[in-house]
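Below: one structure, written as structure tokens.
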Amino acid sequence: MPGCFKKTLFTLASLISFVSFILIVVAMGTPKWMTGKILCKTGADLVNATDPELIKFIGEIYYGLFRGGKIRQCGLGGRRSKFTIFPHMVKKLNTGLHVMIIMFLCVAICFSLVSFGFCILNAIKVPYRAITGPAGVCLWNFLAGGFVVLAVTSFMAAVKLHHLTERIANFRENVFQFVVLEERFEDCFWICVASATAHAVNLLLIAISGINFPKIKPKTEEVNVTAEDIMY
């Protein structure tokens, strides 16, 4: 049986792994990874809109890994619309990169659950094999956090290098052209960052669990036996 200190650390690590699993699932299912402001350039050019009038041509957009929505402002009021990434829009995006982001997160979910199970095992008993002990827990947490980092980095590359927001904003727009004025990473993106941080915390906890702290032994008082004690 593991000691009370190690049992507490592994129990906490298992809780963190399960929270990381929940965070990734929530992030994948929520359509707000990115929000931004889009300018209807075609409409603004048609009327030669100046700075005070440009507000009538600035709309909004938001999207996640699977769906999103936008408000088109082309001078005649806002028009709301929603869209899905699969199956049609993904053909206009960088398909390989977008699918890789989803696959990275799915693999991270699996490793988070494996880490959760191994942490529970180490909290209950001391495993005989190294791969099922603290070394294995470190491995699964490192892989889970690493795949989340890969997903986050790939999404940033899709946004900044492959102009993901602009591609989505101009999807099936035959008349108007939209230009991205502002982009902002939203809560779901930062939830994934928090998930990767949680696995880093787990690595720290496992490292602490391997430290052998010196045991404090109570001092024993020396008994002084005198001649008088022997007489009595």
Side-chain angles (χ1 to χ4, degrees), residues 20 22-106 108 145 147-198:
S20 174
I22 296 296
L23 289 177
I24 300 174
V25 172
V26 170
M28 290 185 67
T30 308
K32 275 201 175 182
W33 279 57
M34 177 69 68
T35 59
K37 293 183 179 180
I38 52 176
L39 171 67
C40 182
K41 188 175 184 297
T42 307
D45 290 343
L46 284 174
V47 298
N48 293 323
T50 57
D51 288 343
E53 298 172 336
L54 282 178
I55 191 66
K56 297 179 181 179
F57 298 91
I58 297 177
E60 298 178 359
I61 188 172
Y62 67 90
Y63 59 90
L65 298 179
F66 298 99
R67 63 188 189 278
K70 65 181 179 180
I71 301 176
R72 300 166 74 253
Q73 292 275 12
C74 293
L76 300 175
R79 293 180 58 187
R80 295 178 179 271
S81 63
K82 294 184 178 181
F83 54 83
T84 56
I85 304 295
F86 294 94
H88 306 294
M89 188 177 291
V90 73
K91 297 177 182 179
K92 298 294 182 180
L93 310 179
N94 191 322
T95 307
L97 186 58
H98 198 81
V99 172
M100 280 176 58
I101 295 170
I102 297 172
M103 290 182 62
F104 285 152
L105 291 177
C106 290
F147 276 103
V148 175
V149 170
L150 286 175
V152 168
T153 306
S154 300
F155 184 77
M156 292 177 65
V159 172
K160 300 300 181 182
L161 301 180
H162 296 274
H163 310 290
L164 181 61
T165 306
E166 187 172 338
R167 289 176 181 233
I168 293 176
N170 288 287
F171 178 70
R172 288 183 177 174
E173 293 288 347
N174 299 320
V175 178
F176 298 102
Q177 180 185 3
F178 290 90
V179 177
V180 178
L181 299 180
E182 179 184 319
E183 291 177 313
R184 184 172 62 254
F185 293 102
E186 286 297 333
D187 295 341
C188 292
F189 175 84
W190 297 113
I191 283 175
C192 284
V193 175
S195 173
T197 305

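We number each residue from 1, following the sequence as shown. None of the values given here were measured: they were computed from a predicted structure.
Side-chain N or O atoms of Thr84 include one that pairs as donor or acceptor with a backbone N or O of Phe86 at under 3.5 Å. Under a 3.5 Å cut-off, the side chain of His98 and the backbone N or O of Leu65 do form a donor-acceptor pair. The main-chain N or O of Gly29 is found under 3.5 Å from a side-chain atom of Arg67 such that the two form a donor-acceptor pair. Between the side chain of Arg167 and the main chain of Lys92, a donor-acceptor pair closer than 3.5 Å is present. Although no hydrogens or angles enter the test, the distance criterion places a donor-acceptor pair under 3.5 Å between the side chain of Thr42 and the main chain of Gln177.
A distance of 10.5 Å separates CG of Leu97 from CD1 of Ile102, quoted to the nearest 0.5 Å. The OG atom of Ser81 sits 11.0 Å away from the CZ atom of Phe171 when rounded to the nearest 0.5 Å. Atom-to-atom distance recorded for Ile58:CD1 and Arg72:CZ is 15.5 Å, nearest 0.5 angstrom. Rounded to the nearest 0.5 angstrom, Leu54 CG and Cys40 SG are separated by 11.0 Å. Atoms CG and CZ, from Leu150 and Phe104 in turn, are 5.0 Å apart once rounded to the nearest 0.5 Å. Atoms CD and CD1, from Glu60 and Ile38 in turn, are 9.0 Å apart once rounded to the nearest 0.5 Å.
Remark: Glu173 engages Lys70 in a salt bridge, criterion side-chain N to carboxylate O under 4.0 Å.
Residues passing the salt bridge (charged side-chain N to carboxylate O under 4.0 Å, His left out) test with Asp45, sequence neighbours excluded: Lys41.
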Q: List the steps, then state whether side-chain contact (heavy atoms from CB on, under 4.5 Å) holds for Phe185 with Met156.
A: CA-CA 9 Å; Phe185 293 102; Met156 292 177 65; 4.0 Å; yes
Q: Step by step, work out the side-chain contact (heavy atoms from CB on, under 4.5 Å) result for Val193 and Val152.
A: CA-CA 7 Å; Val193 175; Val152 168; 4.2 Å; yes
Q: Apply the test side-chain contact (heavy atoms from CB on, under 4.5 Å) to residues Phe83 and Met89: give CA-CA distance (whole Å), side-chain angles for both, the deciding distance (0.1 Å), then the verdict.
A: CA-CA 8 Å; Phe83 54 83; Met89 188 177 291; 3.4 Å; yes
Q: For the pair Cys192 and Leu105, evaluate side-chain contact (heavy atoms from CB on, under 4.5 Å) and give the outcome as yes or no after the intermediate values.
A: CA-CA 9 Å; Cys192 284; Leu105 291 177; 4.1 Å; yes
Q. Given Lys37 and Glu183, is the salt bridge (charged side-chain N to carboxylate O under 4.0 Å, His left out) satisfied, shown in steps?
A. CA-CA 7 Å; Lys37 293 183 179 180; Glu183 291 177 313; over 6 Å; no
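A 4.5 Å side-chain heavy-atom check between Ile24 and Val148 finds at least one atom pair inside the cut-off. Put simply, the side chain of Ile71 does not reach to within 4.5 Å of the side chain of Arg79, judged on heavy atoms.
Considering all non-hydrogen atoms of both residues, Ser154 and Ile101 come closest at CB-CG1, 3.6 Å. When every heavy atom of Gly64 is checked against every heavy atom of Ile85, the shortest pair comes out as O-CG1, 4.2 Å. Considering every non-hydrogen atom in both Phe178 and Cys74, the closest pair reads CZ-SG, 3.9 Å. Nearest heavy atoms, Gln73 versus Gly78: OE1-N, 3.4 Å. The two residues Ala196 and Gly145 make their nearest non-hydrogen contact at CB-O, 4.1 Å. Contact record, Glu186 with Arg184: OE2-NE, 3.0 Å, taken as the closest heavy-atom pair.
The 12-atom threshold is not exceeded at CD1 of Ile55, counting heavy atoms of other residues, nucleotides or ligands nearer than 6.0 Å.
Between Tyr63 and Trp33, the distance separating the two ring centers is not shorter than 6.0 angstrom.
Between Phe189 and Phe155, the ring planes lie tilted relative to each other; the angle falls in the 30° to 60° range.
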